[in-house]
Amino acid sequence: MSILLSEKSRILIQGITGATGRAYAERMIANGTPLVGGITPGKAGQTVAGVPVFDTAAAAVAATGADCVLSSVRNSAALDAVCEVVEAGARLIVLYTENVPVHDAMKMVAYARAKGCFLMGPNSAGIISPGKANLADITDSRTRPGRIGIVSKSGTLTYEVMDSLHAFGFGESSVACLGGDPVVGTTYADILPLYDADPDTDAIVLVGEPGGSMEYRAAEIVRTLGKPVFAYITGQYAPAEKRMGHAGAVSGAGDTTAMAKMKALADAGAIVVPVVTAVGETVARHLAEAA
Amino acid sequence: MSILLSEKSRILIQGITGATGRAYAERMIANGTPLVGGITPGKAGQTVAGVPVFDTAAAAVAATGADCVLSSVRNSAALDAVCEVVEAGARLIVLYTENVPVHDAMKMVAYARAKGCFLMGPNSAGIISPGKANLADITDSRTRPGRIGIVSKSGTLTYEVMDSLHAFGFGESSVACLGGDPVVGTTYADILPLYDADPDTDAIVLVGEPGGSMEYRAAEIVRTLGKPVFAYITGQYAPAEKRMGHAGAVSGAGDTTAMAKMKALADAGAIVVPVVTAVGETVARHLAEAA
Amino acid sequence: MIRLLEFEGKELLKKNGFAVPPGALHGVGAPVGAGPWVVKAQVLTGGRGKAGGIRFADTPDQIEAHAAAIAGLTINGLRVQEIYVEQRVEVQREFYLAAMVDRDRGRPVILACAEGGMDIESVPRDKIVECTVDPLVGLRDYTVNAVVRGLGADASLAPALAAAVRRLYATLVAEDAELVEINPLIVDGAGNVVAADAKVILDEDAAFRHRDRKAVPDGTPFEMQARELEVIGIELDGDIAAMMNGAGMTMATLDQITAMGGSVRGLVELHGVMWRGAEHIAKVIDLMRTLKPRVLLFNVYFQFRSLDTIAEGIALAIGQAGGDMPPVVVRMRGVREPEARAILEKVDCFVTDDFATACEKAIALSKAAKEN
Amino acid sequence: MIRLLEFEGKELLKKNGFAVPPGALHGVGAPVGAGPWVVKAQVLTGGRGKAGGIRFADTPDQIEAHAAAIAGLTINGLRVQEIYVEQRVEVQREFYLAAMVDRDRGRPVILACAEGGMDIESVPRDKIVECTVDPLVGLRDYTVNAVVRGLGADASLAPALAAAVRRLYATLVAEDAELVEINPLIVDGAGNVVAADAKVILDEDAAFRHRDRKAVPDGTPFEMQARELEVIGIELDGDIAAMMNGAGMTMATLDQITAMGGSVRGLVELHGVMWRGAEHIAKVIDLMRTLKPRVLLFNVYFQFRSLDTIAEGIALAIGQAGGDMPPVVVRMRGVREPEARAILEKVDCFVTDDFATACEKAIALSKAAKEN
């Protein structure tokens, strides 16, 4: 199994006729991701990578039974795009778009939550269940099916974590990137229980960052889980009050520093890994000891 | 047991310092309904019927752990009132107020649904679980604890149904009045499964009316239930296109007539009762045959 | 439910930013601008064109002649209320566009059709685009664009039509309307988007947000008078006039009488005026008597308010009417029932606490009255 | 994050319907109206009063004297940018009122305190009323009323304060602001509610809705130049200048270098300019060289875009710099790695595919350079 996304998912790309949308569509079809259609207003009747294009999300969902959407639209269209697919009944949305205004992010997050939809992002690198479906900017060949669940705010850092795990023979059940912006839809607290309930996940790797309180809510959940959680928090030496591209990574008030979060997660029972390159080794050592 | 409301509910009255609010509060306390407080902006610190008054719903919920609200405010304040208690985390709201603008009703219904809150009304006569809690304009002494669940759009007609049931020795597990307006929060389709799952309910009485399609959605649910449903639809001889006080009772298009609804419910397996005074007798006969 | 005449609807559209053809009520000053004109019957029903209620005029004299002819019309049983004269607009293209409250789905809905000017009910369902709006997020671009695509116009018209769709939805919400229908919405000779007709229904429950609005719901004189007394009255053509509390009870009483072989002359639902006291109730009863029913039936069940008031009202009305009162049947149940019974013992009426018995008695009395 | 100076913030408040004291920048025409005036340092930091940045003037001569004194000030390490002169307002009452984006809760929040004019962080938490707004329903009366109660004013002021709260929230949303803080909000001698100060932060990501707005985020010259190249630059005071893709990688590289005993001179996050090509990358590298780092480190991992571009950019920059280039360490992984390696084999740099190895090498080189 896997979380949120599987070979049974029915996927749409919003903005499928754009350059990025088209590239994703072709990669998905080439790698066996169950893409069933796309949405571009005014382009109904066309096909991209062999799947049909629809004018509206409602028409696409009605025709294909789609439940997952990868959205790659310009930032000024992001709020509209997310509202449309939420209203059409999507259960999972990856919003890849960066630089979404925070007021738009607050609205789309509130709406998606109200409708029980998992919104990854804004500014999410996506979600992938290796060997089953890929709704992420992560290359299929760089992932490996396995039994570790990853949840991360960062996209690029996730590549490092996977490499580190692969070096010790591990693979991933799913990889969920929450998005680098300060206001995102799905949080650690939403994802952790899904991995805990997934029979094909043995352990969870959580990648966090300074700023915000999302990792504290995660720590509360960690206390309730049966599976080991390995946590790496980036930005341990980040200067205070600087903005690191991800607007979320603002280490402002004292207790939203990486160090404070590492302590909170350790107190809650997580195994804290100090450098990202040590994740695989730490997981291997711990699981060997537990066995 | 009962549905939605029990002796463990923690109840607030919104507008408790008004004449109607005060009357409800005193009746609740006198009859053992678990009233824990009230809300009237600017009146924090007062008490009514021995329970504390708060300025805001948020403060009242924080102080009392309340989860249910009876709202009796003027129609111009109804949207605001419902949004406030929904946001404060109420799980059940009875909106007694009549003449709520339909645009306000649409907004409050959408918001309550989005937050997973059962909103009875606008224009609901309330909900009562006899012997446990009374959030309705139904006198406690006119109800009788028992094993029949009632769900009705009408308030007054519910009195007739109870009398008719009592005459044959039955009582009620709960009585839920959805509200007479065309746009209301909780519908038959929401309530029927709750009665079906309630171990202390043996049978369900559904009271409907012409106009709208709510009874058709109810019929779809009736097919899936294990318990017998007795349906009475009022307005069988109502003139078309007339407004009967409840704005909802407009029998416009052919298939929203009482007769068409009775047929749909009968086809779905409900036992249709042609006149309201025959409800008790029909239930008694059917349950005796089934036994 | 307040239904507006075309010219009232157009005033409301204009206030909300729509272009409408220049026009004025006939008899209010000179005709607006230069001809040609259209002379239009103002009446709350459709099919005006076929009934001769819409005529073209090239000269002021023709306006007068048409107005005189239209003034005498009765269309679908309704007399023409006003005559409206507006400049005739050159039509390049016609659309259907409407926004309404969908009571079933509990949401606003926008309807659009590439063909305008005809009865929308006669248009095949698959030619009508229907989009609901979630009030939690309001009207968003994806819906506007879907509606505009549904109108099937050239791309060059899309921005103007999108603006019209946004304006339409804003009007529905801002005016607390249940329906704003523009049929046809036209593109005129100069390429402007103009509302050539307007059908508007307003929500009377939102009057508190529109203090300047004079609520003018329609109905028979009996129904209008009932509304003035703040009760809901419905006029039918049978024998028994019945007064109930609650809409459900009102309909159930009608059902019961009809099912038992009786007939109803009128219904009054008095929920909401009980606090006004016995004299107000007596006034409502006087109004019921204007229907000349063969029997007056009261069927009330109060669980919150007490029955004394209604009993006093009935006693008062019987006393004031003298001998001019039809037979009275009262079914009462609820709070302070013995006290209410004591009041009614002093006047001439039949009292019971049973719904079916009351209906039976009222039917028997009405049949007896008929035979006399 | 665009922080506005007080006078810019007040212009924005005025545009959104707030009353502000009449004022103008010093040197732009004559002082507004009659005295007395306040002469205020315009600088993006607090504590202006204590630092002598706010002075009262009764005559134009005093304005000039104060302006000259203030112009020379450095407050909390920042030079005064402008001097603003406004009419002095008689203060009857002071409040604190702010609306901001609460990034943790993902909601707008309104803060209010009955005591204004002081640093809000020094006010006891229980004296501050904090209300969030659910974007699904917007600001509603129950929240407005709760905020107004939190201001603790007389009932006679409530309508004016309620209007101010609504206006504040509308400003936050309409201007795509992250913060609109009015401290103090005052009641003047005539009983009017006036914004006596303004602290505003705007969301630069919403620039597409505010085309007329000139985005002026602040930072060091290096950081500003980085922004012009559409990358994010951060200046520190160590030895190694590093360029990464992704914010997470940027922070992780800083962590790794620091944890391994090295130090960082600057960070550049280049995600988002890859499509611009090698020449743009070379320009960014030139900018990094202005920091005079002892070593240049590149740590990139591309799973979607290919590595050629970055390799070409590095090769180009090394070629153009001639001998004036610090040692270069490149860690590359991802799409078209062999091709990228082939490009870098032609220039003088250390290449690896391992994160830790790259950091180790960069630290060793920076220590060697320091010893020379």
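A, B, ... follow the sequence lines: proteins, then strands. Residue 1 opens every chain. Just so we're clear, the structure is a prediction, and the values are computed from it rather than from any experiment.
When heavy atoms are compared at a cutoff of 4.5 Å, B:R74 does not approach chain C at all. Contacts between C:L172 and chain B at a heavy-atom distance below 4.5 Å involve backbone atoms as well as side-chain atoms. For B:V109, no part lies near chain C; criterion is any non-hydrogen pair under 4.5 Å. With a threshold of 4.5 angstrom between heavy atoms, B:M108 does not approach chain C through any atom at all. If you measure heavy-atom distances from B:V100 to chain C, the contacts under 4.5 Å come from the backbone alone.
Nearest heavy-atom pair, B:T234 versus C:G248, reported as atom, atom and distance to 0.1 Å: OG1-O, 3.4 Å. In plain terms, the two heavy atoms of C:D205 and B:N75 that are nearest each other are O-ND2, 3.4 Å. Taking each heavy atom of B:G212 and C:D104 in turn, the nearest pair found is CA-OD1, 2.8 Å.
Looking only at side-chain heavy atoms (C-beta outward), B:L157 and C:M251 stay at 4.5 Å or farther from each other. Between B:V276 and C:Q256 there is a side-chain heavy-atom pair separated by less than 4.5 Å. The shortest side-chain heavy-atom distance between B:P239 and C:L254 falls under the 4.5 Å cut-off. Side-chain contact between C:R333 and B:R142 is present, with heavy atoms from C-beta onward closer than 4.5 Å.
Between the CE atom of B:M106 and the CZ atom of C:R105 there is a distance of 12.0 Å, given to the nearest 0.5 Å. Remark: C:D203 CG to B:D104 CG distance equals 8.5 Å, nearest 0.5 Å. In this structure, the separation between OG1 on C:T253 and CD on B:E160 is 7.5 Å, given to the nearest 0.5 Å. Between the NZ atom in B:K107 and the CG atom in C:D134 there is a gap of 12.0 Å [rounded to 0.5 Å]. To the nearest 0.5 Å, the span separating OG1 on B:T158 from OH on C:Y301 amounts to 10.5 Å.
Within the 3.5 Å criterion, the main-chain N or O of B:Y237 finds a donor-acceptor partner in the side chain of C:D255.
Under the 3.5 Å distance criterion, with hydrogens and angles disregarded, no donor-acceptor pair is assigned to the side chains of B:T156 and C:N245.
The most heavy-atom pairs under 4.5 Å with chain C, out of B:M214, B:E98, B:R217, come from B:E98. Comparing C:R209, C:R107, C:M244 by heavy-atom pairs within less than 4.5 Å of chain B, the highest count is held by C:R209.
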